[in-house]
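What follows is one structure encoded as structure tokens, with my remarks underneath.
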Amino acid sequence: MELHSTKNTQEKVSLKKAVLQGLPPDNGLYMPEEIPQLPASFFERMPELSFEEMAFEVCRCLLGDSVEEEALREIVYGALGFDAPLVELNQHTHVLELFHGPTLAFKDFGARFMARLMGHFVEKNKRKLTILVATSGDTGGAVAAGFLGTEGIEVIILYPSGKVSDLQEKQLTTLGQNITSIEIDGTFDDCQALVKKAFLDPDLAEVLRLSSANSINIARLVPQMFYYFRAWQQLQVIDKDVVMVVPSGNFGNLTAGLIAQKMGLPISHFIAATNDNKVVPDYIASGQFEARPSVRTISNAMDVGNPSNFARMQALFAESWEAFKNEISGFAFDDTQTRIAIKEVYDRFGYVIDPHGAVGYLAWQAYQKEHPDSIGVILETAHPAKFIEEVEAQIARPVEIPERLAILRDRKKVAHFLGKDFEGFKAFLQKHAKTQV
């Protein structure tokens, strides 16, 4: 497998370099040089395959010989220690539960796969790899859990102060070992900008071997394809249009779905469901992309005003707005509408949905008005217990907190507090580098 930057299609790099480097030197994003088609025989055998078997075959097709077959099998099987079950609300509406991993969020798929793949690539390298990751909520916890104790890898997590839920923050700040957390006095976009600047800084390149675990890293997108195939496998629909409804922030999740579609998965359409941070739905409506400061909402993992993966989506559509809007519909909803949706889903179906899934539900309802015969799959990206105050307030009943989340409540938060200026962050990294020698 070869990859190129979204800003330079001529220079090719290996998967290993793309994963360990994270971001190209030109500040673009790595994209596969070619997206191969899965053979028809794969889809014929799909109903009989286990989740792990299916994911391995998808992964092997895309990555080619970039990773030895047995090593790749071990990476995939090790990452998928949990399922992505499909729940039927009614005959046209399904929820794909992506929160059955260790940190109760869909990011577990990407983080666990990435940790194993990076561990494989750095196994014989004596110089430590430092992972920088910005999070608006769930990414940081999944990365922290996925990389905890991984030899040869340090993880530094940046998160916006006061803009993640209490339990999300505990997932970021209580593990210790090779995990360091930085609370930034700013927004997620500020955190993401600091990470990107760090990759391009020549002084930091001299003292730290940097990579990223955000969805700017191609290794995050590969495993996020797996559960689109798992959803299709459970649906077994052959005579209806299947629409994937994707709550979206940095748009890595939707980008992964587009790649799965290009590999042959028969997804008919995608819905980009957002909160008040609606730059992509606005682009779909107007053809003009305008990044703007992020707005704080109760669906905080989607509080992104300048989504990185927009560049990848444009590349997949050859920069064509017409092609983009033909494949993706965009809808945006505010917190009041989201709260009403949480209650409606519970009252109508007895299903407890988190704020991100509730935004997806609203988007599906809006789309379904003109496409009543389609089958919708709403990606439920996080367990409702991670937003317990909001959810309980709407459904008027307690939400059970899984044990692996409940045990964090009384742990002591350990985080460094920094402003959003790059020089302060750079000084922190330089000091951190000296402790790693």
Side-chain angles (χ1 to χ4, degrees), residues 1 32 34-64 67 69 72-88 94-101 105-114 116-117 215 218-248 251-271 309 312-313 316 327-328 360 374-381:
M1 180 188 193
E34 179 186 358
I35 298 177
Q37 284 271 313
L38 286 156
S41 59
F42 167 79
F43 293 99
E44 293 168 2
R45 293 184 295 108
M46 203 168 163
E48 287 75 44
L49 297 176
S50 70
F51 191 9
E52 292 88 349
E53 290 169 338
M54 181 171 58
F56 169 71
E57 292 202 26
V58 171
C59 204
R60 183 175 57 176
C61 178
L62 180 63
L63 303 189
V67 182
E69 184 169 319
L72 183 62
R73 188 185 301 276
E74 188 175 330
I75 289 167
V76 171
Y77 278 58
L80 294 182
F82 48 93
D83 198 6
L86 195 69
V87 177
E88 181 179 313
H94 299 75
V95 173
L96 185 66
E97 293 186 342
L98 303 179
F99 54 70
H100 292 276
F106 80 99
K107 307 292 179 72
D108 285 322
F109 289 93
R112 286 165 61 88
F113 178 89
M114 176 184 284
R116 286 161 174 77
L117 183 61
S215 57
I218 192 67
R220 268 279 303 281
L221 298 189
V222 174
Q224 287 178 228
M225 292 192 304
F226 298 162
Y227 43 74
Y228 286 96
F229 286 90
R230 180 68 179 125
W232 182 267
Q233 184 187 46
Q234 293 173 84
L235 274 176
Q236 297 187 12
V237 172
I238 57 174
D239 59 347
K240 298 279 187 181
D241 288 343
V242 174
V243 179
M244 294 293 177
V245 188
V246 190
S248 300
F251 281 82
N253 213 352
L254 204 153
T255 303
L258 290 170
I259 296 173
Q261 183 191 51
K262 286 187 175 296
M263 291 187 71
L265 189 65
I267 299 170
S268 300
H269 198 70
F270 290 90
I271 296 175
N309 284 288
R312 281 194 174 117
M313 291 193 294
L316 288 169
E327 289 290 337
I328 306 172
S374 296
I375 301 295
V377 177
I378 302 165
L379 273 58
E380 172 67 328
T381 56

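These numbers come from a predicted model, not from an experiment. Just so you know, residue 1 is the first one in the sequence shown, and it goes up from there.
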Set of salt bridge (charged side-chain N to carboxylate O under 4.0 Å, His left out) partners for Arg230, sequence neighbours left out
Asp83
Using salt bridge (charged side-chain N to carboxylate O under 4.0 Å, His left out) as the criterion, list what pairs up with Glu69, not counting sequence neighbours.
Arg60, Arg73
Is there a donor-acceptor pair under 3.5 Å between the side chain of Gln233 and the backbone N or O of Met46?
yes
Please check: side-chain N/O of Gln224 versus main-chain N/O of Ala256, any donor-acceptor pairing under 3.5 Å?
no
Output the distance between atom [atom1] ([X]) and atom [atom2] ([Y]), rounded to the nearest 0.5 Å.
{"X": "Leu80", "Y": "Asp108", "atom1": "CG", "atom2": "CG", "answer": "11.0 Å"}
{"X": "Met313", "Y": "Ser248", "atom1": "CE", "atom2": "OG", "answer": "7.5 Å"}
{"X": "Ile75", "Y": "Leu63", "atom1": "CD1", "atom2": "CG", "answer": "9.0 Å"}
{"X": "Leu38", "Y": "Met54", "atom1": "CG", "atom2": "CE", "answer": "11.0 Å"}
{"X": "Met114", "Y": "Lys107", "atom1": "CE", "atom2": "NZ", "answer": "11.0 Å"}
{"X": "Leu221", "Y": "Thr255", "atom1": "CG", "atom2": "OG1", "answer": "6.0 Å"}

Residues pairing under salt bridge (Lys or Arg N to Asp or Glu O under 4.0 Å) where one sits in residues 42-54, two or more places apart or in two chains, turn out to be Arg45-Glu57
Suppose we screen for ring pair (Phe, Tyr, Trp, His ring centres under 6.0 Å). Which residues come up paired with [X], at least two apart in sequence or across chains?
{"X": "Phe99", "value": "His383"}
{"X": "Tyr228", "value": "none"}
{"X": "Phe82", "value": "Phe109"}

If every non-hydrogen atom of [X] is compared with every non-hydrogen atom of [Y], which pair is closest and at what distance?
{"X": "Pro36", "Y": "Cys61", "value": "CG-O, 3.2 Å"}
{"X": "Gly360", "Y": "Val245", "value": "O-CG1, 3.2 Å"}
{"X": "Ala84", "Y": "Tyr227", "value": "CB-CB, 4.1 Å"}
{"X": "Gln234", "Y": "Leu86", "value": "OE1-N, 2.9 Å"}
{"X": "Gly110", "Y": "Pro223", "value": "CA-CG, 3.5 Å"}
{"X": "Phe43", "Y": "Pro39", "value": "CD1-O, 3.6 Å"}

Expected list for residues 263-271: side-chain donor-acceptor pairs under 3.5 angstrom, two or more places apart:
unit_1: Ser268; atom_1: OG; unit_2: Asp241; atom_2: OD1; d: 3.4
unit_1: Ser268; atom_1: OG; unit_2: Val242; atom_2: N; d: 3.3
unit_1: His269; atom_1: ND1; unit_2: Asn326; atom_2: O; d: 3.4
unit_1: His269; atom_1: ND1; unit_2: Glu327; atom_2: O; d: 3.2
unit_1: His269; atom_1: NE2; unit_2: Ser329; atom_2: N; d: 3.3
unit_1: His269; atom_1: NE2; unit_2: Ser329; atom_2: OG; d: 2.7

Less than 4.5 Å apart, side chain to side chain, heavy atoms only: is that true for [X] and [Y]?
{"X": "Leu258", "Y": "Ile328", "value": "yes"}
{"X": "Asn253", "Y": "Phe106", "value": "yes"}
{"X": "Leu117", "Y": "Val222", "value": "no"}
{"X": "Leu49", "Y": "Phe42", "value": "yes"}

Sequence-distant partners of Ala79, side chain to side chain contact (heavy atoms under 4.5 Å, CB included), two or more places apart
Arg112, Phe113, Arg116
For Asn309, check side chain to side chain donor-acceptor pair (under 3.5 Å) against everything at least two apart and list the hits.
Ser215, Arg312
